[in-house]
Every structure is written in C-alpha cells, then in structure tokens.
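Have a look at the structure below, then the notes.
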Amino acid sequence: MMEHIRITKRVKNTPTVVSLYFKWNVKVLPGQFVMVWVPGYGEVPMSLSQTEDEKCITVKAYGDSTKKLIETEAGEWIFLRGPYGKPFSSTSGNKLLIGGGSGMASLKPLIDRNTTGIIASRTFDELLFSDEFDEDHRIEVTEDGKKGIKGIVTDGIEAVNPEDFSMIYVCGPEKMLKAVYDKIKKLNVNAEFSMERSMKCGIGLCDSCSVDGFQVCVDGPVFNMKQLNGMTEFGTTRLLSSGKRVKI
Amino acid sequence: MMEHIRITKRVKNTPTVVSLYFKWNVKVLPGQFVMVWVPGYGEVPMSLSQTEDEKCITVKAYGDSTKKLIETEAGEWIFLRGPYGKPFSSTSGNKLLIGGGSGMASLKPLIDRNTTGIIASRTFDELLFSDEFDEDHRIEVTEDGKKGIKGIVTDGIEAVNPEDFSMIYVCGPEKMLKAVYDKIKKLNVNAEFSMERSMKCGIGLCDSCSVDGFQVCVDGPVFNMKQLNGMTEFGTTRLLSSGKRVKI
Amino acid sequence: MVSLAVKTGGVSFESPAILASGILDENGYTMKRVLEDGAGAVVTKSIGTEERNGYFSPVVVPEDTYLINAMGLPNPGIDSFEEEIKIALTAKKPVIGSIFASNTDDFLKLALKMQDFGVSAVELNLSCPHVQGFGSEVGSDPVLVKEIVKTLKGTIKIPVWSKLSPNVTSISEISRAASDSDALVLINTVRAMAIDIEARRPVLTNSYGGMSGTAIKPVGLRCVYEVRKETEIDIIGVGGISSYIDALEYIMAGASVFQIGTALMKYGRSIFMRITGDLEKYMISNGINNLEELVGVAVR
Amino acid sequence: MVSLAVKTGGVSFESPAILASGILDENGYTMKRVLEDGAGAVVTKSIGTEERNGYFSPVVVPEDTYLINAMGLPNPGIDSFEEEIKIALTAKKPVIGSIFASNTDDFLKLALKMQDFGVSAVELNLSCPHVQGFGSEVGSDPVLVKEIVKTLKGTIKIPVWSKLSPNVTSISEISRAASDSDALVLINTVRAMAIDIEARRPVLTNSYGGMSGTAIKPVGLRCVYEVRKETEIDIIGVGGISSYIDALEYIMAGASVFQIGTALMKYGRSIFMRITGDLEKYMISNGINNLEELVGVAVR
C-alpha cells in the first residue's frame, strides 16, 4: 500500500545529499528500507537514517527520481511503501560503523555513545554524518585527502583494532563491502554488512537484487559474515536492469 | 467460507424431523442460522436448535436437499457456512415460546426453567420438542386434535395470559406469525418473531427473503413488534424464486 | 459549496452512488428502502421477457475479498415487474431498468415496457457471465451489440446504458460497438469458479459464476481507463467499490458516477451514506466543488 | 506409499510444485536456490531475442490479496541467458525455458537455443498482458498461436508448453489453437490497473499491469476447468496458489502440476516445502497414492 506522507523538515547534508524528515507512525528498525515513489519519475529504495517517531530518509541525487526527490521542501508530500527488509542486529557493546559514500545514512540510527565511525568518501565535502560522532570516535577517510586520512575505507580500518568492537556494521557500495569483508574476515569479529543492489520490486519477487539466491530486499539488506562466507556473486558479479550479468 | 463438519449424533424427533448434532467451535447465538450445503442437491438455511459447544440443526424433510440431509448418519460430514443473522434478545424474566411446525427448533436454545411453550402442529405426531418443557409449562395445540388443544396456535395463546411474560418469542410459518402478531399487538407485551422466507444467498444481497426492504437474512431473521409494525409485506405478499410477487 | 449532484448518461442524480444491478433490486420495497437509505439511484435486477427461477442454491460463494455468484437471471418476467418498479418509484429518485435478452427484438420489447413503467433509463445487460444464450454471449459479439444499441436508440426516448463484460479480448472493441449508448457501465463480473476439495466439485450449482468485490477493482479500473482513453462517452464505474477512495479511483480513471453492489454484503445499506459523506469531506479538504473536475484526471 | 512424483507435459518431476515464470528466475543462482529449497522445477523469466531493460519503477503494486506488476519483459537476450541456465541446471532438477517473441521465426530461434542450453521444455509466453506486440497480443490470435505451436513441435525435440492468457473472450478457443502443445499453462495474469488518488495517476509506470495472487484464483480455476472439460491435454495450473488446498482445487479442476509465483511475496521460498509437505499429509489421510487420482475429479 502506498503511503502519502508530509515532509516536515529538509536539511542539506552535503552538496549532493539532502535529508527529508517526516512523522510516520510505523515501526521501522535500523537497516530497514522503504520504496519511495516520485510520481512521473520513478521509485527508489531508501534506507531510513532515523527510525524514531520522527523518521528521515537521506537522499543522494544520482538519477531522475532522486534528483527530483531532493527538491522536496518541508510541507510537501512524498509517497512510500514499506518498511522492508531485515534490520541490523542490536548490540549493547561498543560498535564500529563503517560507511562509504552515502552508506552512513543507513548506519546513522545505530549511533550512540559507544560508537566509533569510519566515514569514507571520494571528496572531503561528501563526508556524511561525520559530525554525529564525537571527535575522538571519528575517523574520516577521503580519496582527495583534503580531510582526514587520504585513501580508501580500508585505510581507515588501519586506524583501529577491529577486534576491540563487539560489532562492526558496514554500509556502502558492494566493492567497498567486499574490501572490508576481505580485510576483517580472518579476524575474531562480528560484522554485519548492508548491501545495495539495484532493486525493482522490493518484495522478493523480481530477482533484480539477488546475490547467490538470496534477495537483498527480503533476505537482506543486512547480511552477516557467515551468510557472506562463500558467496560466489558477492563483490564479483551482479545483474543489470535487463538481467544481464556484469562484473562489479 | 464453506465449513466441513462431522455429525456426531443423529436423533429422530418426529416422523419427518431429524436432529443432527456436531461440534463446531464458533459462537452462535439463539435465533441465528447457517446455510447447509448438500452437494448435488442444494443449499438450505437452517436455524440452530442447540448453540452450546455441541451444536445441532433440526431438519424437516420438505425438498430435495432436506430429504437428503436427514439421511445423514453419525460419522458422516456436512457442509455449512455462517452463522448469519440477528439473534433473539436475551431476557432474564419468564418467557413464552410459541412454535408452529418446525419453528420450535430455532426457539429451543431459549428454553430454561422460566419458560412456557406453546407447541403447535397439524398432527399430533409432528409436535416438536414438546418434551423439552415441564409438563405444567407446556401447551400443545394440534389441528387434528389428537393431542392437547384442538385448533391452531392462536387457540393455544388463549390458555395463557401473554402479559404475564417478560418476553414472547415466536417462530413458524409467516401466516402463523402474522396471526400471533395480530392477536397480541394491542397487549402490553414484548415479542420477537423469527421469520422464514425463501432464502438464496443468506448474506443480504439477492433480495429473495426481503420484507418491506429489510433482508430476513441480515436484518432478521428475528424482528421485534416495533419493526413489524406497519410492514406492508408482512403476512401479505412475498416473492417466489423468480421474484414474482404472490399472496401469502 | 460542494455538490454531489451530477448528470450523466442522460440522467440527473442527487448523488453519484448508485445501486448496481443484481443486488437488492428484485422487490420494489427493497429498492425503495435502498433509495431512502441514500443511494442516488437503483438499477433493477435484470428482467427478461419470461419468468425464470434462476439456478438452485448454492448461488453464491462469499469470501473475504470477493463473491462469486451464479443466480441464473431469476426474474418474474417484464409484465410482472411493473408493480415492483411502481413501488420503487415512490422514493422519487431515478430507477434504471436492467434488461436481458438474446436478440434485438426482445431487447426492444423490454426497453419499451420499461419506458412505459417510468424508469429513467434502461441498462442493457450485455455481460452476465453465466447463463447460456444471454449476457456476455450476446455482449461479446460487436455486430450484435451495435445492432441492439442502434435499434433501441432509434426507438425509445429514455437513455440507453450498456453494461459490458470484462471477459473479452478487447473491451475497447466492444465499447466502440456500443458507442451509440448514452453511457457505458463498466464492468460486470469476472467469469470465475470455486471448487470445494472435500466435496470434490464446484460449489455453485451452475459450476461457473461471476466474481465481484474488492478483488476485481483493478480489472474494473483498467477497463474504465482503457475505454476513457479512446472515447468521450459517459462511463459508469462498477466493480469492487467499497470506500470513497475506490470511488475516486474510478472517477479519476474516467467514470462520472459509480455503482455499488457486493460491498453491501459487508457494510449493508448504510454504505451509500458513508461513501457520499466521505466524498463530501474529501471535496471540501481538496477544494473540489464538483466531482466532474476529477473525471479522468488520471488518464495519460 | 504416497508419491508426489509426476510426469506431465513431457517432463518428469519429483514434486508438482513448480516456480512460475517471472518470479525469482532471472539469476541462475536464484533458480538454483529455489530448486534446492524444494521447487519441483523452475520456469525461467521470459527471454526474448534481444536485451530489454523493462519498464522503470514502479513495476509492482503489492496489496494484501493481489499483486499488480508491469515489469516489461526485462531480459538479457537469449544468448546472455545461457550462463544463467547452466548455473540453474547444477541443481539437477528440470529447468523450463520461458520465451516470448512477436512472430513464429523468433519463437523457433529462441526455442532451439533453449533446447541447446539444456532445458527440459520451453514455455511459450503467449500471455503477458502489458507489453505491446508481445504476450497476449500474440496469444489472443488463434491462427498465429496454432502456427507457432505447430512450427515448434515440428522442429524442436523438447516438449512445448503454451502459457495462455485469461484476458480473452474464449480460453477454450485459444486452447484448441494451442492443442498441439505438450501442456497448457493456465493462467497468466489478469490485465489490471492501480490508481493513486493523491498522485492522481496510475501507480505503474506502464499504467497497465497484470494482476496475480489470491484474488485471481477463481479465474484460474475457471479456465483450467473450462479447458479440461473439452480436452485431454495436460494442464499446468497457476494463479493464486498459496496452500495445498489451492493446489488441490487446481488439481481437481484438471491440472496435473501447478506453479507458484506471487505467494513467494508473503511466504518466501519455504512455500514449496510447506505445500508439498501438506499435500503428502492430505494424501496419507485421504488414502491417495498419487495425485493423478485426483486430476479433474471435480469436473462434471
């Protein structure tokens, strides 16, 4: 069922990312997502970057639908259906969040006092939700090197001891997930990865987002290390919109 | 939804009437009815003559479906849907039950220590559920005069003072209901009448059983005196299966 | 000032919520009560030239989101039905006479009688999906449909509505054939069946029946939209409407007024007042003065 | 000893519960997992001669008792699909290749490739209700259907199944046209639409879509029954099956095996194991050794 919801607040987070806040009286857990419909433009899966009574989607403009969506002002309406997908596990211990690109959006609801963040992006002005972390719990990594560590996300991991955390949560492009996975797979850690694959239906039918027979939309988007272990497609191939198999 | 229910007991009540007992874990109130399907023969509305955990339908053979239905033995299965219709009101005071023909079947669940019954039938062997009443609370009326008062149901009413009862419940052919109604309408009494009209759908759609715009299957089968007051069709005309209007 | 009054298919209605043919419209007193309880008009049960008893029970299979029925066109015959129409007309609202026949002559004969009886329009049942020789067997033949509609339009004075079946390869083709009508009524029931695995047989005595209710709304909307895209003829929407939202969907797809039938199973006669009340509230909060403003706005 | 094994449409299955075309059958790894999770076979997504992206989202409208979809026949083109089939075949269960085309030559070309890839049968998509020039536009023309089926049967060695549309005036007529097939697959989705009153437009990017799920079961049962009444051809039932009761209804109406699709939305891949487990229990308590004993028993 399509919900019709009024945006209450619009915040620009980076030059290309906008957060839209709204009241929606439905239980959503960190890691779950909704399908947002922009009539006349398309429908896109969006993680929630806030999951309390007031909820939030954090949108990066990269296609027709999202370009239109980020123009939404407070007082305007959006359409969505959901929530869908399996959430992150909760943990009471200290957490390491690793977010690449706009990946930190779906990790944001997990942030508390026990949280350290590795925030990675291509350029310094694209670092997302860095300020949400205390200064001494924040590791910034940029490819342009204009802020924090110059490099990619795995370079940020060098700055911590992953085994110090009771859970590691990772979100970002699949290539990055694979790099992080490979880096920590031999360590004594618990980790969950939120996967982004191109999604059409969101309800486990169309097979667009599948990885090794699991549907990212219903079996995921959150997968743990055990589930990822031995997956043939993870980080290697995916299907295009047509169903054509391509390398990642 | 069609229920498939096993008959646990079969009792012959009169030469033409049989009671079929069954367990059915659904709440049914006195006066409500079910639609019983006899595959290959038809579907008929049946009041419940027992409405506790163990339920019962009391069947008089008058058409193909009911002729087949009364042959059902313990251990065999019946099909039914429901319950449907508005029940009798409950009352804590003393009650007068007036049942003509097989009409006493739907009144039977109301019988308790505070109940007087007027049981009417054409012949003495068709008196139904007479034994359910204490001997001094039982008024039998037969047209053949072989048992009880010789006459019709209204003659039985002469034997009581209707105003002595806190509620009068009546069930039988519409002509009889009308006669009873006319007899007691000027008295200071509360009365409810369970009406039988030919019924096809049982769910308020087909208009077969309607009386003055009310559907016997959903607005009834139980109507009180106020509802019957001023009804043009009550006791005068009804529609045949084709929808053709005929006199009652 | 919002107003629900509308003129469509050659008939003026105080309210766009009309009782669909086949439901609570065999007995004049029932039609009268439905009108008094808030229906903008009633369409009668389909009436033929001769008395018919219809099929033996079971004639309905009620489920949560749909109903399958095979009544078998029971009707007292046109002559006996005059009395019922006279009773219904005492409510002083439009009564539409639904008629069925297997040929043009009979349709004409029935329509002329209905006109004499004082109905506001006739609705041609070209779509009953479960009686041989009638309904959709007639209504799926474009040549016959064209002839029937043309003949009636050339002879009777009251408006002619054609109720069409979704059980055709192209609803557009049949709509074009019926385009001389004052309105198209879309849709009749979807041909369907229920089987009981314990009885190991179809539940309906007639085996086949017509499905109605919530489950067919997407089919009805599709038909209305498809026809609205290619014609300006008035459309009366019917199929699975049980709320003002359903009604608005039909209106935005191109219907001017709408009919309610199966929803009475769940909601009773009060549904007419509820839907029209909700429509008024919607109109006020959305600045709509007349529902005409919304007819077909979804079509692109 | 009860056995769910069955041979129908020229193919032997360990279990009668088959994955329907269009659901979880684009990616070879997914098909493999569905087979490992209990499906008796999978039918692939419909594959054409050229790569197609399908429609932009929204491509589905999920509701409680139905789904409307308009994917737009996305597929990588037949040549690229070989890899997926090879992966699926590692599960060592039958894979059926669904193909769509607008003419006989392309159907033949696709069928020959599918045969080369190692599928157990081809399923002709003569019924997709929402892409111009394909699917039901082909499948509602009896002459073309007859030609396509005849040509394929005369050339390829593997069995040919024809999946037909309920969106026709007479499913019997189309079934007769497709009677050279090894099996008929009944039914594809029902042409439908969803409109959003706030957006004032159809929800699907393509406007029209196909309805599937519980709501269309009565239509599927009717089609299977109607065709079974007049032919002995193997029938594969599909449309709204989500329990062993639904499956038995289709079997009693005349289907030998059945396909499951939309029910995966609510129940996930475990539905195959649940339904076959429930069927076994039913067979034991009803003294049925093989489901063949029940095929068509409701038909009268």
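Chain A is the first sequence line, chain B the second, and so forth, proteins listed ahead of strands; every chain is numbered from 1. All heavy atoms count here, side chains included; hydrogens, waters and symmetry mates do not. Bear in mind the structure is a predicted one, so any value in this text is a computation, not a measurement.
For Arg269(D), the part lying under 4.5 angstrom from a heavy atom of chain A is the side chain only. Neither the backbone nor the side chain of Thr205(D) comes within contact range of chain A; no heavy atom of the residue lies under 4.5 Å from a heavy atom of that chain. Leu205(A) touches chain D through backbone and side chain together, each having a heavy atom under 4.5 Å away. Contacts between Ser65(A) and chain D at a heavy-atom distance below 4.5 Å are absent for every atom of the residue. No part of Lys266(D) comes within reach of chain A, as not one of its non-hydrogen atoms sits under 4.5 angstrom from that chain. No part of Asp64(A) comes within reach of chain D, as not one of its non-hydrogen atoms sits under 4.5 angstrom from that chain. Residue contact with chain A, scored on non-hydrogen atoms closer than 4.5 Å, is absent for Asp64(D).
How far NZ of Lys244(A) is from CD of Glu83(D): 11.0 Å, rounded to the nearest 0.5 Å. To the nearest 0.5 Å, the span separating OG on Ser242(A) from CZ on Phe81(D) amounts to 11.0 Å.
Side-chain contact between Tyr84(A) and Pro62(D) is present, with at least one heavy-atom pair separated by less than 4.5 Å.
For the set Arg245(A), His4(A), Met199(A), the count of heavy-atom pairs under 4.5 angstrom toward chain D peaks at Arg245(A). The candidate with the highest count of non-hydrogen atom pairs below 4.5 Å against chain D, out of Ile203(A), Val218(A), Val211(A), is Ile203(A). Note: Asp196(D) leads Ile87(D), Val59(D), Leu264(D), Asp196(D) in heavy-atom pairs under 4.5 Å with chain A.
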* Asked: What do the steps show when you test Thr30(D) against Gln215(A) for side chain to side chain contact (heavy atoms under 4.5 Å, CB included), and what is the final call?
  -> CA-CA 8 Å; Thr30(D) 309; Gln215(A) 285 67 62; 3.4 Å; yes
* To do: Give the intermediate values and the outcome of side chain to side chain contact (heavy atoms under 4.5 Å, CB included) for residues Glu26(D) and Cys206(A).
  => CA-CA 8 Å; Glu26(D) 184 170 85; Cys206(A) 78; over 6 Å; no
* Determine, step by step, whether Tyr29(D) and Glu233(A) satisfy the side chain to side chain contact (heavy atoms under 4.5 Å, CB included) criterion, reporting the C-alpha distance in whole Å, the side-chain angles of both residues, the deciding distance to 0.1 Å, and the verdict. => CA-CA 9 Å; Tyr29(D) 293 103; Glu233(A) 288 188 276; 3.3 Å; yes
* **Arg81(A) and Val60(D): CA distance, side-chain angles, deciding distance, side chain to side chain contact (heavy atoms under 4.5 Å, CB included) verdict** => CA-CA 11 Å; Arg81(A) 58 186 173 95; Val60(D) 294; 3.4 Å; yes
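Environment of OH in Tyr21(A): crowded, with over 12 heavy atoms of neighbouring residues, nucleotides or ligands closer than 6.0 Å. Under a cut-off of 6.0 angstrom, the local environment of NZ in Lys23(A) is sparse, with at most 12 non-hydrogen atoms contributed by other residues, nucleotides or ligands. Remark: Glu14(D) CD is loosely packed, at most 12 non-hydrogen atoms of other residues, nucleotides or ligands lying under 6.0 Å away. At most 12 heavy atoms of other shown residues, nucleotides or ligands fall within 6.0 angstrom of atom NZ in Lys175(A). Within 6.0 Å of CD in Glu198(D) there are more than 12 heavy atoms belonging to other residues, nucleotides or ligands. Heavy atoms from other residues, nucleotides or ligands lying under 6.0 Å from CD of Gln132(D) number 12 at most.
Residues of residues 107-127 of chain D having a heavy atom under 4.5 Å from any heavy atom of chain A: none. Near-neighbour residues of residues 65-78 of chain D relative to chain A, defined by a heavy atom under 4.5 Å from a heavy atom of that chain, comprise Leu67(D), Met71(D), Pro74(D), Asn75(D), Pro76(D). Residue-level contacts of residues 35-43 of chain A with chain D, in order of numbering, are Trp37(A), Pro39(A), Gly40(A), Gly42(A), Glu43(A); threshold 4.5 Å between heavy atoms. Within residues 32-42 of chain D, the residues having any heavy atom closer than 4.5 Å to a heavy atom of chain A are Arg33(D), listed by residue number.
Of all heavy-atom pairs spanning Leu24(D) and Gly204(A), the tightest one is CD2-O, 3.5 Å.
No side-chain donor-acceptor contact under 3.5 Å links Asn27(D) and Ser210(A).
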